[in-house]
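Each chain gets a letter, A, B and so on, in the order its sequence line appears, and its residues count up from 1.
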Amino acid sequence: MLSKPPGIEDIFPDRIGRRNLIVNAAREAFKLYNVREIVIPVMEFTEVFVRGLGNETDIVSKEMFTFEDRGGRSLTLRPEGTASVVRAYVENGEYNRLAMCKFFYIGPMFRAERPQKGRLRQFNQFGAEIFGSGDPFHDFEAIAMMDAIAKRAGIGDYTVLVNSIGCPNCRPDFVRALTAYYTGVKDLLCRDCASRLDRNPLRLLDCKQDSCQPLKKDAPRTVDYLCDECKSHHGSVKGYLTGGGIAFTEDPLLVRGLDYYTRTTFEFVTARLGGQNAFAAGGRYDNLVEEFGGKPTPAVGFAAGIERMEILLEGKEIPGGGIDVFIVHTGGETLAKAVALCGELRGAGISADMDPGSKGFKAQFKKADREGAAFAVVIGEDELAAGTCTVKDLKSGDQEAVGAGAIADFIRKKLA
RNA sequence: GUGGAUGUAGUUCAACGGUAGAGCCAUGGACUGUGGAUCCAUUCGUUGCGGGUUCGAAUCCCGUCAUCCACCCCA
């Protein structure tokens, strides 16, 4: 039997209701926040991600699906959305000359990781990017937007973590202090942290090893090293959040794995995702547009994992999914009538289905029930003779005869 | 990339080295024209795959693949 590659899944109808709930919540919120959809390519020249995310990041150095096209150019299946949106924005003269643009995207991302709970090789994200403003209001807006989406989707018990990792002016000071501190306690570090010290010192703060936890207590804090501008920016973001009624927790240990972030970083975390704890995250990236060859343009954005949000919605009743009408017949001439009625109802905007095979009433009603039909419409010998149909409300069990020509209207009224 | 666990019917799981089974689902019947409840019946398998040990392997061993979980990393 043929099978799918590891970490890639088929999503059958039973999961679609839950996904739509999430995606619709996102679309509604984006509309409310005046954020417009952009469809970005599923693959880019590899350079887009190398330049965008940073050569040293894990994503770029070992998690990308990269291959050569027929012309020998290196292409990569997108591991995230921001780099593509920035590339598209910079490349498109019509949009990048506007003072401000807000975009959102929805679609699959690809990372060659070992799959586990909440972590797939092909997974879906939606995300938003706000270009053209360095104002802390927009940092707030990004967080508030994601918060609104989570709430609309019905996700509870999560925490919003917020931090500032400074800018190119003040971050080097912090990294220097951090490196100095951890070099001093080098012997106490776990294996992974020893390599982080060289590779990516910021991530030392993110270590989950028990033995490394005590070391964090005295480690330098990002917020203590911020320059005046970053400090005031950070303060304003927090002020907006408090004013906007968004509960958040300051987390000086929050650093992100991508190189492009500046100043604000944030994560939406929960304890219900196993080894993974974030279902959405983002931050400010004021230098990326310029990095991509655009004019200096501050920006802020976030991305959310749809499958992770799905996990948080598990066990929740998702309404809907049933059809309006299932048509029951006895074959022969009644089958012809049933087919005609089925087409008529569908044409009238009423969802309808039937089984053309010759089955007993019982089997057909069973099927109507399983399909979640609101009504069963019976066309049998009796109805044929009388020129009527029997309409049964499957919830109440009530049924009544309705003239054959008036079914669509009758159903429509009942559904309203 | 590292580590651990697990692979048996559509699904959830049983079966001491000795005939592969049950619940759920599905299909049909009880109910000749009425679903959800109940009862009854029926269908369903190369025991993931490949080797090995054995008179005999779902069971033990080796390999492999897959899944899950954790690390790493990230949404």
Side-chain angles (χ1 to χ4, degrees), chain A residues 1 3-9 12 14 22 53 56-64 78-82 106-127 146 150 190-193 195-196 199-200 203 206-210 255-258 266-270 273-283 301-312 322 326 328-331 334 357 359-384 390-399:
Chain A
M1 197 168 16
S3 62
K4 56 192 172 335
I8 291 181
E9 55 179 14
F12 279 88
D14 56 312
I22 294 164
L53 313 190
E56 294 307 306
T57 59
D58 278 56
I59 292 181
V60 169
S61 62
K62 51 192 190 198
E63 292 174 2
M64 297 204 302
R78 62 182 184 199
E80 60 108 54
T82 301
I106 299 177
M109 306 296 164
F110 305 84
R111 293 182 198 173
E113 298 187 278
R114 189 84 161 258
Q116 71 186 69
K117 182 172 184 179
R119 201 172 78 179
L120 295 157
R121 288 188 171 182
Q122 177 177 339
F123 60 102
N124 290 275
Q125 287 186 338
F126 60 80
M146 184 57 222
C190 70
R191 248 250 222 82
D192 291 319
C193 279
S195 83
R196 286 185 180 113
R199 242 181 47 244
N200 196 348
R203 298 219 61 84
D206 210 26
C207 185
K208 286 171 195 151
Q209 286 287 322
D210 288 344
V255 292
R256 315 253 33 260
L258 309 175
F266 60 88
E267 280 187 358
F268 284 62
V269 299
T270 119
L273 283 171
Q276 279 55 244
N277 62 355
F279 63 93
F302 71 89
I306 294 176
E307 287 78 11
R308 288 189 182 179
M309 292 178 73
E310 246 188 278
I311 291 172
L312 300 179
F326 193 91
V328 176
H329 64 91
T330 53
T334 67
K359 295 223 171 73
F361 267 54
K362 187 178 184 64
Q364 293 186 67
F365 269 91
K366 227 175 194 168
K367 188 149 189 190
D369 190 51
R370 256 205 317 278
E371 297 295 343
F375 295 93
V377 173
V378 180
I379 307 178
E381 299 304 329
D382 299 349
E383 286 82 359
L384 195 63
T390 301
V391 178
K392 178 169 183 175
D393 182 329
L394 289 174
K395 213 160 265 149
S396 66
D398 301 336
Q399 60 182 49

J.: Regarding A:G118, tell me which of base, sugar-phosphate or nothing describes its non-hydrogen contacts under 4.0 Å with the strands shown.
T.: base
J.: Suppose we screen for side chain to side chain donor-acceptor pair (under 3.5 Å). Which residues come up paired with A:T390, at least two apart in sequence or across chains?
T.: A:E383
J.: Show me, range against range, the stems involving RNA chain B, built from at least 3 consecutive Watson-Crick or G-U pairs below 3.5 Å.
T.: B:1-7 with B:65-71, B:10-13 with B:21-24, B:26-30 with B:38-42, B:48-52 with B:60-64
J.: How far does the P atom of B:G28 sit from the matching atom of B:U43, given to the nearest Å?
T.: 15 Å
J.: When you list every nucleotide of RNA chain B with an atom under 4.0 Å from a heavy atom of chain A, which one comes first 5' to 3', and which comes last?
T.: B:G1 to B:A75
J.: Got a sec, which residues hit side-chain contact (heavy atoms from CB on, under 4.5 Å) with A:A303, two or more places apart in sequence or on another chain?
T.: A:Y105, A:Q125
J.: To check you understand the geometry: which heavy-atom pair defines the closest contact between A:F279 and A:A150, and what is its length?
T.: CE1-CB, 4.3 Å
J.: List the steps, then state whether side chain to side chain donor-acceptor pair (under 3.5 Å) holds for A:E307 with A:N124.
T.: CA-CA 7 Å; A:E307 287 78 11; A:N124 290 275; 2.8 Å; yes
J.: Counting the atoms with a prime plus P, OP1 and OP2 as sugar-phosphate, which does A:G397 contact under 4.0 Å by heavy atoms, base, sugar-phosphate, or nothing?
T.: base
J.: Taking atom C1' in both B:G4 and B:A75, what distance in whole Å separates the two?
T.: 25 Å
J.: Any base atoms under 4.0 Å from A:A373, or only sugar-phosphate, or nothing? Heavy atoms, all strands.
T.: nothing
J.: NA contact type, A:D206, heavy-atom cut-off 4.0 Å: base, sugar-phosphate, or nothing?
T.: nothing
J.: So do A:K367 and A:F326 actually touch side chain to side chain, heavy atoms under 4.5 Å?
T.: yes
J.: Which value, in whole Å, describes the distance between the P atoms of nucleotides B:A57 and B:C72?
T.: 44 Å
J.: Classify the nucleic acid contact of A:F279 as base, sugar-phosphate or nothing, counting any heavy atom under 4.0 Å across all strands shown.
T.: sugar-phosphate
J.: Under 4.0 Å, counting only non-hydrogen atoms across every strand here, what does A:P79 touch: a base, just sugar-phosphate, or nothing?
T.: nothing
J.: Classify the nucleic acid contact of A:A368 as base, sugar-phosphate or nothing, counting any heavy atom under 4.0 Å across all strands shown.
T.: nothing
J.: 5'-most contact on RNA chain B: A:P5 or A:N277, nearest heavy atom basis?
T.: A:P5
J.: Work out how far the C1' atom of B:A66 is from that of B:G23, and round it to whole angstrom.
T.: 26 Å
J.: Can you name the side-chain contact (heavy atoms from CB on, under 4.5 Å) partners of A:A304, sequence neighbours left out?
T.: A:F126, A:M146, A:A280, A:M309
J.: What is the nucleic acid contact for A:K366, judged by heavy atoms within less than 4.0 Å: base, sugar-phosphate only, or nothing?
T.: sugar-phosphate
J.: I'd like the C1' distance from B:G21 over to B:U47, given in whole Å.
T.: 12 Å
J.: How far, in whole Å, is B:U59 from B:U2 if one measures between their P atoms?
T.: 27 Å
J.: Test of understanding: with side-chain contact (heavy atoms from CB on, under 4.5 Å), list the residues that count as partners of A:T330, not counting sequence neighbours.
T.: A:T334, A:F361, A:E381
J.: Salt bridge (charged side-chain N to carboxylate O under 4.0 Å, His left out) with A:D206: which residues, sequence neighbours excluded?
T.: A:R203
J.: Applying a 4.0 Å non-hydrogen cut-off, can you work out what A:Q364 is touching in the nucleic acid: base, sugar-phosphate, or nothing?
T.: nothing
J.: At 4.0 Å (heavy atoms only), tell me whether A:E383 reaches a base, stays on the sugar-phosphate, or touches nothing.
T.: base
J.: Using a cut-off of 4.0 Å on non-hydrogen atoms, how would the nucleic acid contact of A:V328 be classed: base, sugar-phosphate, or nothing?
T.: nothing
J.: I'd like the P distance from B:G63 over to B:G3, given in whole Å.
T.: 13 Å
J.: Give me the distance, rounded to whole Å, that separates B:G10 from B:C44 when you measure between the C1' atoms they each carry.
T.: 8 Å
J.: A:R203 near the nucleic acid: base, sugar-phosphate alone, or nothing, with a heavy-atom cut-off under 4.0 Å?
T.: sugar-phosphate
J.: Over all strands shown, is A:G7 touching base, sugar-phosphate only, or nothing at heavy-atom distances under 4.0 angstrom?
T.: sugar-phosphate
J.: Holding to side chain to side chain donor-acceptor pair (under 3.5 Å), I want the full list of residues that pass it with A:N277, two or more places apart in sequence or in another chain.
T.: none
J.: Within the structure shown, what part of the strands sits under 4.0 Å from A:R370 by heavy-atom distance: base, sugar-phosphate, or nothing?
T.: sugar-phosphate
J.: So, A:R308 side chain and A:Q276 main chain: donor-acceptor pair closer than 3.5 Å or not?
T.: no
J.: Under 4.0 Å from any atom of RNA chain B, heavy atoms only: list the residues of residues 304-312 of chain A that qualify, in numerical order.
T.: A:G305, A:R308
J.: According to side chain to side chain donor-acceptor pair (under 3.5 Å), who are the partners of A:D398, at least two apart in sequence or on a separate chain?
T.: A:S396
J.: List the residues meeting side chain to side chain donor-acceptor pair (under 3.5 Å) with A:E310, not counting sequence neighbours, and say none if there are none.
T.: A:R15, A:R19
J.: By nearest heavy atom, map A:K117 and A:T57 onto RNA chain B; which one lands nearer the 5' end?
T.: A:K117
J.: Donor-acceptor pairs under 3.5 angstrom involving side-chain atoms of residues 112-121 of chain A: please list them, not counting sequence neighbours.
T.:
residue	atom	partner	partner atom	Å
A:R119	NE	A:R114	O	3.1
A:R119	NH2	A:R114	O	2.6
A:R121	NE	A:E113	O	2.7
A:R121	NH2	A:E113	O	3.3

